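Predicted model only: the values in this text are computed from it and were never measured. Throughout, a chain's letter reflects where its sequence line sits, starting with A, and its residues are numbered from 1.
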Amino acid sequence: MTQTASAEPKKGSALKRSRGGAAGDKVFSNTALAAGVIILLVLAFVAIFLVTESLPALWPQVFSNQDSIASADTFGQYVLPLMGGTVLASIIALILATPVAVGIALYISHYAPRKIATPVGYVIDLLAAIPSVVYGAWGMTFLAASMVPIYGWLHNNLGFIPFFAGDPSTTGRTLLTSGVVLAVMILPIITSLCREIFIQTPKLHEEAALALGATRWEMIRMTVFPFARAGIISSVMLGLGRALGETMAVTLVLSPGVFSLSLITSGRNATIPSEIALNFPEAFGMRQSELIAAGLMLFIITLVVNMIARWIVSRHKEFSGAN
Amino acid sequence: MSKRIDARNLNVYYSKFLAVEDVNINIEPRSVTAFIGPSGCGKTTFLRTINRMHEVIPGAYAEGELLLDGDNIYAPGVDPVNVRAMVGMVFQRPNPFPTMSIRDNILAGHRLNGARMSRSEADDIVERSLRGSNLWNEVKDRLDRPGSGLSGGQQQRLCIARTIAVSPDVILMDEPCSALDPISTLAIEDLINDLKEEYTVVIVTHNMQQAARVADKTAFFNIAGTGKPGKLIEYDDTSTIFSNPANEETQNYISGRFG
Amino acid sequence: MSKRIDARNLNVYYSKFLAVEDVNINIEPRSVTAFIGPSGCGKTTFLRTINRMHEVIPGAYAEGELLLDGDNIYAPGVDPVNVRAMVGMVFQRPNPFPTMSIRDNILAGHRLNGARMSRSEADDIVERSLRGSNLWNEVKDRLDRPGSGLSGGQQQRLCIARTIAVSPDVILMDEPCSALDPISTLAIEDLINDLKEEYTVVIVTHNMQQAARVADKTAFFNIAGTGKPGKLIEYDDTSTIFSNPANEETQNYISGRFG
Amino acid sequence: GGSNGGSNGGGEGGEGGDSGSIAGTLIGGGASSQESAMTAWVEGVKGEHADLTVQYDPVGSGSGREGFLNGQYSFAGSDAAMDDDEKSQAESICGPEGVFHVPAYISPVAVAYNLPEVSEAVKMDADTIAKVFTGEISKWNDEAIASQNEGVELPDMDITVVHRADESGTTENFTEYLAAAAPDSWTHDVVEAWPSDIAAESAQQTSGVVSLTNSTEGAITYADASQVGELGTVAVGVGEEYVEYSADAAAQAVESAEQAEDGSVELDRDTEEGGVYPIVLVSYHIYCKQYQDQETADLAKAFATYVVSEAGQSEAEGAAGSAPISAGTRDAAMQSIDAIGVQG
Amino acid sequence: MKTTDTAAPDPRTQVKKKNALTAGQKPAWTWIAVLVGALVLAGVVTAVLSGGFNWPGFVILTGVFYVIAMYIVTLVVENRRRATDGLWKNLVWGAFLVALLPLISVIWTVVGQGLPTLLANPNMLWVDMGGVTGASDQATVNEGAPLMGGFLHGLIGSVAITAIATLISVPIGLMASIYLVEYSRGGWFSKAITFFVDVMTGIPSIVAGLFAFAAVQLFITTFIGEGPAQLQMVKMGLTAAIALSVLMIPVVVRSTEEMLRVVPNELREASYALGVRKWRTILKVVLPTAMSGIASGVTLAIARVTGETAPILVTAGFAATVNWNVFSGWMTALPVYIYRQLVNPTAPAAAEPSALRAWAAALVLIIIVMVLNLIARIIAQAFAPKKTGR
Ligand SMILES: Nc1ncnc2c1ncn2[C@@H]1O[C@H](COP(=O)(O)OP(=O)(O)OP(=O)(O)O)[C@@H](O)[C@H]1O
Ligand SMILES: Nc1ncnc2c1ncn2[C@@H]1O[C@H](COP(=O)(O)OP(=O)(O)OP(=O)(O)O)[C@@H](O)[C@H]1O
Ligand SMILES: [Mg+2]
Ligand SMILES: [Mg+2]
């Protein structure tokens, strides 16, 4: 069957002659790689920065010749309540925002009449455009006050649940209010990513479901959600990142205090970012290390949460769309 | 079960564009009807109006009446979901659900009805449907793998299996064999022959030999030019259409070299 | 221009799965070769190794040699882009670029590579390619509309036009007519006949009549069972394959009823 | 503080102060309590030295001192004086002579409450104030308060304590006062951040606590007096009498306080002297005694001179509502300012 | 022509009087009845529970009752599937309406507080705070003098800092996600990037600011010098832009990555098969297809950082006057301006003018981001896949 001699390309073979733009490929892929490297470097620097700055608080005996840190006996005592508060606030925000955000995304992609969908999408994006200071100011002046009667009601009727135990706040400056503000802030983030992904669901698959006699909701469950699974989780994580790291809004809305499960009492709970923002200006020496170490802990929370999310996504990799 | 289909003065639009004009056709139950015609003449479009899949496209709508055993599916208040449960459809392009396993793809229609079934019932349905679409042997060992890992032809057969699994009254097929090899095509044609014992089958095909082989009646659609609406030119027994068409256009189309 | 294709001991893998085993084949320049065989036997897979599209799938690779006019396209240092520029491909499923107009789709091969050309040159290419794929009349008035607004058949012809627009040496077609009506099929077959004056054409088809009509030589692939690799069973002049095949498997496949 | 270097640099600097030739940018940062006064000074000093640009970063006292110590700021604004540790660190920037403090901004801290029905100032002694803020007294008509306010109709209302959520000099001053004047009732430390085991309402910055108090009936807070606005203010018990805050009474507190060698003052919180308002926030400007270059020294000297001058202080009073420093304090400050020089 | 003119109606195909397809459906007026019922019930319940009539409670209860009652009615009259479908439809609509509440409330607050000031003092847009002291604000309050000062410096600062941050982070973020989706084959390196990008999303903004400050300080002290003069260079617009980039990059990477992943492979293959190089395929086929998603991701990222306060305060200082130079001198961004005006009024005793300026600035900030958003959408529209086919 074989009669052609050479198996190697001849000299000057058209195959090896570079067709315009071969260099472009190299440059482009290397640029892409470089971008990845830069991100890792920046992150490495952030991590190094955080760790070196927080060492005195993490091991006071070794790194600062002190027996204990400034605001508590041990660092754990100081930071664990803060971590609790941060996680609590973020969970409230996620629980409130995720269903609503996914709902709106669906509304835009599959429910709303076309004429309404576009402006609604735009208007939701607007929410993302509002600076967190403004959310903070809004939460402080408007939302907190209007939550007061709700807290009273929750306490009277659901007071047996630890979350609603304790004296209801008279000003509304509580963790629950902060959670609501955070929810409003992360809503557009989750919505707009989900919306983009929902829209990408292949029409072929949607039609396949409809043709089987699926109702709209069933079609969404059969095709849109599985297709968008990874994307939804991603966007929720992005929202969570924002909620965990949000500084100004919480700072303006919450009356901080010690950790407590009660969400409706003032002067309870605090979040790490607002703790940093509130105290950093006056912090000095050990106190400053403590605050940065608290930032490091937040970093670690994010790390763990994202590990879990990635794990969930990767479990179903082979059944995901695009191919 | 099986249903009669009657279209009356049906006009089909994409927004303002009239794609198919004034179709009147009676399709008998327990028969196979083939739609033939040049590309772009509106076969797919008309087929999709029969189970109200057409309106899924933004801006698309149909005017006129389409009766399923005398019930107008375009009457106000009719839920398209009901229509689609009665009128199954196989698409031109295979579209298995990529996130589901082969098994789940087949059972997708049943699961919708919330019908609870035993493992063995489900296995029964899966096997019967896959055998019906001549795919059983190829996939029986990997029922739990994703459906998207199959070859084009395998995927199309999977979609046919998925549609017949729910036993609709009418089955619409849009060029179901265009991606299939002769062996599978043969199996599908046999299947269609079996199906017509119980169902009304409507099939779009470009392969006139196929139409001649499987269809009891054949409808020829044509289009006068781009931008013009497609029209039903002639509808008659398959033998008449292929041997002795009444219309000159049909004659011309039929007598062209074809494959 | 036109190129000879020689495969030597070619094994094609999807990760660990050997999809096509030990193919040896010589394809002459200026000829049309048809690949036939049952679904899943690896026709598409092998076709895609000819222009190194196979390796685009994660984990997929090929072993052995594939010579293009004596140059091994799998030799180290060969740029797959060069190979693909010489070996054009039309896919089983039409895949026009959704973001581009019809016109831009045709010019994609040129434009995407950054080629600059005058308006009239571009118009020329567009018209020539569209006429070549028998689509010109249908779309000449809406060249600036998106390509995805066409019917399935129209889309496939658009993809053919897009491929011939860059004038490759070899054209691979994976069931190019499976979505086409007889008129367009006819036009494509004529086109293939024209193309072989200048190009090497390889076509995968399920339609054996089509193979008989257009191909000079035919290769029959088969597969022993699921999970087994596909193999090239017989390769010979088309007339020999269809009238007097040397291999029993070929005989069986050919003599089955087919469409 | 340590001082063992010669002072010949100071002499030279003395003559560099003639106006008109001062041009450049002086960068400082620190306490945000001074922000609005600083705005006034930054504008006001232009009237004397048109080309002197001062920029002030209201990052907070701690960050201000830190920025000063590592050279980012040429002067710091701080609600607290530097401790010995910091002062010795400062020698790397300021040379062996170190730093000095100018008590440039004096603001009385008012104990303000929101009781629209009560028209005259509620009187409380230090003990009562401490008990209110620790939550021991939780009703406005509590016997402890009522006994000091004969004839005033106090409502039967819960007291909502509002404190600063952020660390601040105001809190430090207030707790310092409580710890000194009511040691029995205030068992907590002197702290910059409100003790977290007292659960109460809080808000960020003075404007935050004031607006929260404004919107919550029955609330009580402590805040820079200039910002309390319409709120009622407590007349604080000093010795036998009750003193309402006033600029004079505040300046008096600083005047009568003991001044350390580095310019910082040690307020006498439990004074019994009449007419002295004991809860006073003193915010310092911290300068090097010797700068590394002549230009910065000149700029700093010019600015510092303006700030303590009568014009500067009254500008701040007009803009920020602070209490002008007394003549005695000014004289003491000017001595140090005049001595600003360059490191030899 | 046998069948095309079957004008005479076949008696068998006569439309039946009663359409079997609509049998067993709830009548068309059901929803009105249910709504009325829900309104009444909600009215009664609110009145009983709260001892008086209150609007928010009434509206919420009506919604809840309506959704539940529709579900039950459909369940009883029709079937579970229809009921479920209707339930989710109502819930999705509900989600939309619920989201409108805070939106309207926030916008109402900002516009209500900011617009009148801005209309009365349009000059705020082109003056800075130079020369404005507490005294002038007190004059405004006490003597009705015109409102002084504006936020031009903040406007310029915000635009400059955000623009630089965008210039830094969009290319990096975009290229990194291209690396992840198009080039990486799932090795440890890409896993590391994805993972650490996720982690970056959780960096508190103030930490990003501190980090940027430390990084620039390190750079300047190593390469330029360590004197006070050099140290005073650290705070500048660029440092703030770096801080914001740290916050922006993960948002850009994550959203872009998602969008690139859903671009169908057939398009890439179509392009490769034409002999188009990978980088051109990515640039000309993949990116345009994903453009609308990318654009909204980038807009989100920009929107997120333009609202940041804390990191800018620690990195760019605080200026009262216009500074055009991002590479030297302090800069103020609008959020910082808003924040400082709100928490530390120029005149503590007369805080109102500061609040007015702050709200006006907030309104302007929102408008800027809105306009950005609009531009992004227009760009996206120009590239977006023309979705008409199947
Ligand atoms: N989504 C759409 N929007 C607008 N026009 C469309 C759409 N789909 C199809 N058309 C147009 O409607 C007409 C009929 O298309 P249709 O797909 O029904 O043709 P067909 O007969 O099925 O052709 P083929 O044999 O190629 O599949 C064509 O002119 C086509 O361009
Ligand atoms: N991406 C893939 N990953 C793994 N296996 C694949 C992939 N694509 C195809 N295969 C398998 O490789 C074998 C050959 O498939 P191929 O698509 O080449 O068949 P084909 O001859 O083109 O079939 P058809 O006529 O149906 O198009 C089949 O068993 C198929 O399941
Ligand atoms: Mg069609
Ligand atoms: Mg194939």
D:E201 versus A:S169, closest heavy-atom pair with distance: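 The answer is OE2-OG, 3.4 Å.
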To check you understand the geometry: which heavy-atom pair defines the closest contact between D:S202 and A:P256, and what is its length?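 Scanning both residues, the minimum pair turns out to be OG-CD, 2.9 Å.
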Can you confirm whether [X] is buried at [atom1], in the sense that more than 12 heavy atoms of other residues, nucleotides or ligands lie under 6.0 Å from that atom?
X: D:E266; atom1: CD; result: no
X: A:D167; atom1: CG; result: no
X: A:F45; atom1: CZ; result: no

Can you tell me how far apart CG (D:L212) and OG1 (A:T141) are? Round to the nearest 0.5 Å.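 Reported to 0.5 Å precision, the distance equals 12.0 Å.
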Quick one: are A:S274 and D:Q204 in side-chain contact, heavy atoms under 4.5 Å?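 They are not in side-chain contact.
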Heavy-atom side-chain proximity of D:E192 to A:R287 below 4.5 angstrom: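 Of all side-chain heavy-atom pairs linking A:R287 with D:E192, none is under 4.5 Å.
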Check whether [X] gets within reach of chain A through its side chain, its backbone, both or neither, counting any heavy atom under 4.5 Å.
X: D:Q205; answer: neither
X: D:S215; answer: neither
X: D:A200; answer: backbone
X: D:S61; answer: both

Under 3.5 Å, side chain of D:D166 to main-chain N/O of A:N279, donor-acceptor pair present?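 The answer is no, because no donor-acceptor pair under 3.5 Å joins these two groups.
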Which bit of A:E275 comes within less than 4.5 Å of chain D, counting heavy atoms only: side chain, backbone, both or neither?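 No part of it gets close to chain D.
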